[in-house]
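Contents: one structure, followed by commentary.
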Amino acid sequence: SRGQTPPNGNNRSGKIYGSKEANFTSLERIYTFAQCIPDVSSSSCDNCLRNAIGSLPSDGKRGGRVLLSSCNVRFELYPFYNVTASAPPPPSSSPTSNDRGKGGIASGVIVAIVVPIVISILLFIFGFCWMRSRTSREFNVVEEITDGDEISTAESLQYQLNTIRAATTNFSTDNKIGEGGFGVVYKGILPDGQEIAVKRLSRSSGQGIEEFKNEIVLIAKLQHRNLVRLLGCCLEGDEKILVYEFVPNKSLDYFLFDPEKQQLLDWSRRYKIIGGIARGLLYLHEDSRLRIIHRDLKASNILLDAEMNPKISDFGMARIFGIDQSEEITNRIVGTYGYMSPEYAMHGQYSVKSDVFSFGVLVLEIISGIKNSAFYQSDGAEDLLSHVWKNWRDGTPLNIMDPAFAESYSRNEVIQCIHIGLLCVQEDVNERPTMASVLLMLNSYSITTQAPQQPAFFFGSRSQMLPNKGLESDQSTSKSMPLSTNEVTITEMEPR
């Protein structure tokens with residue numbers, strides 16, 4: 001129909017337009033509006049509207065509009081035009097020449113034909129877009145569920161044995177970078193150039209293949225910047241191989257206990273290493289998907305990346321190997337003497353506080369540059385802990401510092417770290433702080449800390465450190481080099 005001037009004053013006289021609204025669903029209505037310029041014929045208007053309707057967007061948007069040279073079409077799910085203004089005027093008593101288009105067809109007939117067609121097409125397009133949008137959302141939800149847990153099967157972590165052999169030049173001794181209690185470690189390079197560390201396990205697990213794969217999947221999900229990342233495994237024939245990210249700067253003991261290389265570890269780097277180890281342990285104890293007790297934290301199990309950032313290695317090995325143990329007591333002692341807490345070494349009792357004890361020993365080693373086991377080279381010599389305690393008690397804690405620091409150190413930081421180290425090696429388990437408390441003390445000198453008491457001592461030779469009868473020891477040693485690199489030992493996990 002031909003519109004007249006709307007009540008709001010917008011001059012639309014002489015223009016051909018029409019509007020319509022209808023129920024789309026029980027809760028939604030659709031509003032449409034079509035308009036042609038006044039000097040176009042009815043047939044041209046019809047053709048223009050058909051072209052405009054065919055050009056309406058179909059990208060799932062809830063509304064659309066097309067502007068062509070002779071007409072425009074728009075639909076929305078809300079009223080966007082003045083209903084009173086768009087209503088056609090009442091028909092006159094007798095038709096005149098103005099009631100017909102140039103083709104001789106009444107404009108009312110055109111509207112009666114075009115508007116239902118427009119509405120039908122718009123409803124079809126809108127319904128199609130709505131269904132496609134709904135399907136897309138459902139697909140995205142499924143995709144998010146699938147991708148949210150990116151490691152779901154061992155097959156996604158599986159490496160072919162031929163690939164591992166090629167990467168390590170068939171386990172060449174030239175690529176051997178370390179050896180521990182559970183196998184030899186090789187450096188490898190994958191076809192895409194990625195460097196890896198390949199741990200070839202030397203004895204079979206007590207678990208079946210499926211259980212072994214499940215444990216690999218669990219450990220591979222644990223990711224933290226201060227943990228060495230497990231990339232995957234290889235299980236073919238009798239071979240059980242673990243594939244880790246390659247950490248270029250070997251292990252902490254390679255630098256810490258070498259008179260020449262320890263010069264590369266100034267105090268700022270050692271302080272950064274202490275903080276990184278603490279953050280990694282806190283993740284294992286409290287923030288990871290599983291509560292993990294390492295049970296063999298020591299300098300050779302702390303690897304250093306290209307920026308000398310620490311990465312804890314060899315966690316989760318007890319779970320992989322299926323060690324026979326209860327929740328809190330094991331009948332098989334694993335770890336390294338000098339780092340083991342007294343309750344674990346003597347009675348097989350372990351907890352997160354066992355790792356805290358090992359962390360304390362490690363902190364004191366980092367500050368002094370002296371290996372705890374160095375005190376056992378002759379009978380009757382005291383251990384590192386008693387050496388540090390005597391200086392702390394006598395008010396001379398800085399006497400234990402590595403001379404390599406010279407004057408480039410922070411006195412407050414060194415004393416704070418010695419204090420933390422002594423708190424961690426308390427004989428009473430309840431007197432040792434958690435790793436969360438350790439991080440708070442490292443990051444703030446204002447936190448009030450308790451005074452350390454006399455730590456647990458192991459005097460004399462190693463024979464005095466042996467566990468009680470009936471407990472089996474499984475201490476890992478380096479067989480290929482004086483300073484171990486990526487040494488393998490057992491660790492333990494507890495599910496939350």
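Since the model is a prediction, treat every value here as computed from it, not as a measurement.
- Residues satisfying the side chain to side chain donor-acceptor pair (under 3.5 Å) criterion with Arg65, sequence neighbours excluded, are absent altogether.
- Salt bridge annotation for Lys199-Glu239: absent, with no cationic side-chain nitrogen under 4.0 angstrom from a carboxylate oxygen.
- Side chains of Thr396 and Asn391: a donor on one and an acceptor on the other come within 3.5 Å.
- Taking 4.5 Å as the limit, some side-chain heavy atom of Leu252 sits within range of a side-chain heavy atom of Ile366.
- Side-chain atoms of Ile274 and Cys417, non-hydrogen and from C-beta on, do get closer than 4.5 Å to each other.
- Here Leu440 pairs with Ile447 under the side-chain contact (heavy atoms from CB on, under 4.5 Å) rule; sequence neighbours left out.
- Residues passing the salt bridge (charged side-chain N to carboxylate O under 4.0 Å, His left out) test with Arg393: none are found, sequence neighbours excluded.
- Using cut-offs of 30° and 60° for the angle between ring planes, the Phe126 and Phe75 rings count as perpendicular.
- Between Glu365 and Lys371 there is no salt bridge, since none of the side-chain N atoms of the basic residue sits less than 4.0 Å from a carboxylate O of the acidic one.
- At least one side-chain heavy atom of Leu384 sits less than 4.5 Å from a side-chain heavy atom of Ser368.
- Remark: Thr434 pairs with Ser437 by the side chain to side chain donor-acceptor pair (under 3.5 Å) rule, at least two apart or across chains.
- Looking only at side-chain heavy atoms (C-beta outward), Arg229 and Gln223 come within less than 4.5 Å of each other.
- Between Ser358 and Ser341, the closest side-chain pair of non-hydrogen atoms is not below 4.5 Å.
- Among residues at least two apart or in separate chains, side chain to side chain donor-acceptor pair (under 3.5 Å) pairs with a member in residues 271-281 are Lys272-Asn309.
- Legend: residues meeting side-chain contact (heavy atoms from CB on, under 4.5 Å) with Ser172, ordered by chain and number and at least two apart, are Thr169, Asp174, Asn175.
- Salt bridge status for Asp296 with Lys298: present, with a side-chain N to carboxylate O gap under 4.0 Å.
- Checked against salt bridge (charged side-chain N to carboxylate O under 4.0 Å, His left out), Asp402 has the following partners two or more places apart in sequence or in another chain: Arg270.
- Partners of Lys311 under the salt bridge (charged side-chain N to carboxylate O under 4.0 Å, His left out) rule, at least two apart in sequence or in another chain, are Glu245.
- Side-chain N or O atoms of Ser313 include one that pairs as donor or acceptor with a backbone N or O of Asn301 at under 3.5 Å.
- Side chain to side chain, Asn412 and Ser410 fail the donor-acceptor criterion of an N or O pair below 3.5 Å.
- Looking at Ser386 and Asp383, their side chains do bring a donor and an acceptor atom within 3.5 Å of each other.
- In this structure, the side chains of His419 and Pro452 come closer than 4.5 Å at one or more pairs of heavy atoms.
- Every residue two or more places apart in sequence or in another chain that forms a ring pair (Phe, Tyr, Trp, His ring centres under 6.0 Å) with Tyr186 is listed here: Phe171.
- When side chains are defined from C-beta on, Ile241 counts as touching Leu161, because their heavy atoms get closer than 4.5 Å.
- Under the rule for a salt bridge (charged side-chain N to carboxylate O under 4.0 Å, His left out), Glu431 has no partner lying at least two apart in sequence or in another chain.
- For Arg74, the side chain to side chain donor-acceptor pair (under 3.5 Å) partners at least two apart in sequence or on another chain are Glu76, Tyr78.
- Contact annotation: the side chain of Leu297 never approaches that of Tyr339 to less than 4.5 Å [non-hydrogen atoms, C-beta and beyond].
- Both the sub-6.0 Å distance and the 45° axial angle are not jointly satisfied by Lys250 relative to the ring of Phe255.
- Looking at residues two or more places apart in sequence or on another chain, you find a side-chain contact (heavy atoms from CB on, under 4.5 Å) between Leu398 and Met401, Tyr409, Arg411, Val414, Ile415.
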